[in-house]
Amino acid sequence: MSHLEERKEKVCLNCNTQLNGRYCHVCGQENLEPKESFWHLLTHFVYDVTHFDGKFFSTLKYLLFKPGFLATEYQKGRRASYLHPIRMYVFASAIFFVVFFTFILKPDELGDVVAEKGRNTLKEAKIALQDSIRLATDSAKRSGFMEAYGAINNISAGKKGNDSAGAAYEQLLSGTEADKSDTITVKDKGWNFKLYKDALPPTVAKYDSIQKGLPQATRDGWFKRIIKRRSIQINQKYHGDYAAFGKSFTEKFLHTIPQMMFVSVPFVALILQLLYVRRRKQFFYVSHVIFIIYLYVATFIALLISFGLDALYKGTNFAPFHWLDNIVLVYIFLYCLLAMHNFYKQGYLKSFFKYFLLLFICSFLSILIMSFFFFTSLMSV
C-alpha cells in the first residue's frame with residue numbers, strides 16, 4: 001500500500017470503473033492523487049525495488065535464520081507475505097557482484113598480475129635464448145636463436161614482430177625446416193599464442209589457403225580450425241604480447257562469473273530432481289529451482305556479511321570480528337545441509353549424504369560451465 005493520499009472521487013483513473021474501496025477490482029490500480037512530489041517518486045522507486053515496507057527485512061530474517069523455510073512457504077502457496085525469489089535474486093546478486101568486483105576481486109588488478117607474469121615469461125625466454133646463442137655451435141641454429149631473440153625484444157618493446165612464425169609454418173608443411181624442434185621450443189616459451197603445438201601462419205587468409213591445398217583427410221577438423229583461426233586473430237591483435245592478452249582475457253573471463261551463477265541454476269535444480277526422484281510427485285522441477293534461488297540469495301548475503309566482517313577486522317585488528325567471520329563462513333557451508341533437511345523433510349543422515357553427493361556432482365558441473373565460459377571469453381577477447 002502506498003503512503004500517498006487517497007482520492008475522494010470513487011472512480012478509477014485507469015479504467016473509469018466505479019470503486020468500492022482503495023483499489024480497483026477490475027484493473028487493480030490504487031486510487032491515489034496523481035500529483036506526487038519528488039520524494040514520493042523516490043520512495044516509490046525504493047519500494048518497488050525492495051518492498052521496503054517491512055517485507056524485505058522479514059523475508060531476509062527467514063532466509064538467513066530458517067534455512068529452507070521460504071522455499072517451503074512458496075511451495076505451499078504462501079507467497080504474498082514475502083519478497084518474490086526472482087526479485088530477491090536480482091537485487092541480492094546485483095549488490096553482491098558490485099561489492100565483489102569493486103572491493104574483493106578487482107579484475108583490472110588481477111589482469112595486471114597476469115600481465116606481469118606474461119612479462120616475466122618473456123624475460124625467462126630471453127635468458128634461455130641468450131644461453132642457447134652462447135652455447136650453439138651450428139651457425140644456422142645460432143642465427144635462428146638470434147632471430148627469435150630479436151622478435152622477443154620487439155614484443156617487449158611493444159613493436160610488431162616479424163613473420164618468422166609464418167615462414168616456419170610453411171617450411172614445416174613443406175618438410176624443409178631443418179630445426180623445427182628448436183623453433184617450436186622457442187614458441188612454447190610464451191611469445192606466440194596457440195593452443196596446439198602446430199606452428200601458425202601469420203594471417204587467417206594464409207591458413208585457409210594452406211588448408212584448401214591439403215588433402216581432405218589431412219585437413220584440420222572443425223573445432224581445431226576454429227581454435228587455430230582464433231589463435232591467429234589473437235596474435236594479429238596483440239602481436240604476441242602476452243601481457244596485454246593476459247590482462248584483457250582475465251578481465252573478460254572474470255566478468256562472466258554472474259552469468260555462470262545464473263546459468264548453473266537450472267542444472268543444479270536438475271541434479272536435485274534426480275537426487276529426490278522418488279519424491280517427484282511432491283517436489284516438481286520448479287520446486288528445486290526456487291530452492292536453489294533462495295540458496296544462492298542466502299549465500300550472496302552471507303558472503304557480503306563475511307566481506308564486511310573481514311574489512312572491519314583488517315581495519316581495526318579486533319579479533320572478535322575475525323571469529324565472527326569464521327562463524328559466518330562455517331554457517332555458509334552448513335546452510336545448504338540445513339536447508340535440504342528442512343525443505344525435503346528427510347533425516348539428517350540422508351540429507352548429509354545427498355548434500356555431499358550434490359557438492360561432488362556440482363564440482364564437475366562447475367568445471368564444465370567454467371570451460372564453456374572460458375571458451376566464449378577466448379572467442380570474444
Side-chain angles (χ1 to χ4, degrees), residues 50-51 54-97 257-305 328-370 372-373:
T50 64
H51 279 206
K55 184 181 291 189
F56 175 80
F57 290 109
S58 64
T59 305
L60 187 63
K61 177 184 68 175
Y62 289 121
L63 178 69
L64 294 179
F65 299 108
K66 296 188 71 174
F69 173 79
L70 290 176
T72 302
E73 291 288 280
Y74 191 93
Q75 172 117 343
K76 292 179 178 179
R78 301 169 187 164
R79 304 170 186 178
S81 300
Y82 313 105
L83 199 61
H84 194 277
I86 300 296
R87 176 174 291 188
M88 201 166 190
Y89 178 88
V90 172
F91 179 71
S93 63
I95 298 297
F96 173 79
F97 284 113
I257 294 177
Q259 301 170 42
M260 293 185 204
M261 296 294 296
F262 184 76
V263 167
S264 70
V265 170
F267 292 104
V268 179
L270 180 60
I271 296 171
L272 286 172
Q273 178 81 9
L274 296 175
L275 289 176
Y276 293 94
V277 67
R278 292 186 176 181
R279 309 182 71 184
R280 58 186 179 276
K281 293 183 179 179
Q282 182 180 355
F283 297 101
F284 300 106
Y285 177 73
V286 175
S287 305
H288 304 297
V289 172
I290 296 299
F291 175 80
I292 290 299
I293 289 174
Y294 277 127
L295 180 64
Y296 279 17
V297 173
T299 303
F300 290 149
I301 295 173
L303 284 174
L304 286 173
I305 296 172
V328 170
L329 293 175
V330 172
Y331 184 65
I332 291 173
F333 183 75
L334 295 176
Y335 184 92
C336 182
L337 172 62
L338 297 172
M340 291 174 68
H341 168 73
N342 295 333
F343 181 64
Y344 295 106
K345 309 299 182 186
Q346 288 189 333
Y348 278 108
L349 188 60
K350 278 189 176 181
S351 299
F352 183 81
F353 173 75
K354 291 184 177 181
Y355 170 58
F356 276 95
L357 189 58
L358 177 67
L359 290 180
F360 179 75
I361 299 173
C362 284
S363 63
F364 289 98
L365 176 64
S366 300
I367 294 173
L368 292 175
I369 293 176
M370 290 179 66
F372 173 79
F373 280 96

For I290 and A71, work out which heavy atoms get closest and say how close. CG2-CA, 4.5 Å

For F262, does the CZ atom sit with more than 12 other heavy atoms under 6.0 Å from it, leaving out its own atoms? no

After noting the C-alpha distance and the side-chain angles of F343 and Q75, does the key distance pass the side chain to side chain contact (heavy atoms under 4.5 Å, CB included) rule? CA-CA 10 Å; F343 181 64; Q75 172 117 343; 3.9 Å; yes

Value for OG (S287) from CZ (R279), rounded to nearest 0.5 Å, stands at 11.0 Å

Under a 3.5 Å distance rule, please check whether R78 uses its side chain to pair with a backbone N or O of E73 as donor and acceptor. no

Once the angle between the rings of H288 and F283 is folded into 0 to 90°, is it parallel (under 30°), tilted (30 to 60°) or perpendicular (over 60°)? tilted

Taking atom CZ as the centre, does F356 end up with more than 12 heavy-atom neighbours from other residues, nucleotides or ligands that are less than 6.0 angstrom away? yes

Check: M370 and M260 side chains under 4.5 Å, non-hydrogen atoms: yes

Identify the two heavy atoms, one from Y285 and one from P266, that lie closest to each other, and give their separation to 0.1 Å. OH-O, 2.7 Å

To the nearest 0.5 angstrom, please state how far the CD1 atom of I257 sits from the CZ atom of F373. 11.0 Å

Test Q346 against S351 for side chain to side chain donor-acceptor pair (under 3.5 Å), laying out the working first. CA-CA 6 Å; Q346 288 189 333; S351 299; 5.0 Å; no

Using every non-hydrogen atom in the two residues, find where I301 and A92 come nearest and quote the distance to one decimal. CG1-CB, 4.4 Å

Determine the minimum heavy-atom distance between C362 and I271, stating which atoms define it. SG-CD1, 4.1 Å

Distance (rounded to the nearest 0.5 Å) between F353 CZ and L337 CG: 13.5 Å

Ignoring hydrogens, what is the shortest heavy-atom contact between L83 and T59? Give both atom names and the distance. N-OG1, 2.9 Å

Check: F69 ring centroid to F65 ring centroid under 6.0 Å: no

Please name the pair of heavy atoms, one in P67 and one in N342, separated by the smallest distance, quoted to 0.1 Å. O-ND2, 2.8 Å

In Å and rounded to the nearest 0.5 Å, what is the OH to OH distance from Y335 to Y355? 12.5 Å

Please identify each residue that fulfils side-chain contact (heavy atoms from CB on, under 4.5 Å) with F372, with sequence neighbours left out. T376

First locate atom CE of M88, then atom CZ of F300, and finally report the distance between them rounded to the nearest 0.5 Å. 12.0 Å

With rounding to the nearest 0.5 angstrom, report the OG1 to NZ distance, T72 to K66. 9.5 Å

Residue F267 excluded, over 12 heavy atoms near CZ under 6.0 Å: no

Stepwise side chain to side chain donor-acceptor pair (under 3.5 Å) check, H84 with Y89: CA-CA 9 Å; H84 194 277; Y89 178 88; over 6 Å; no

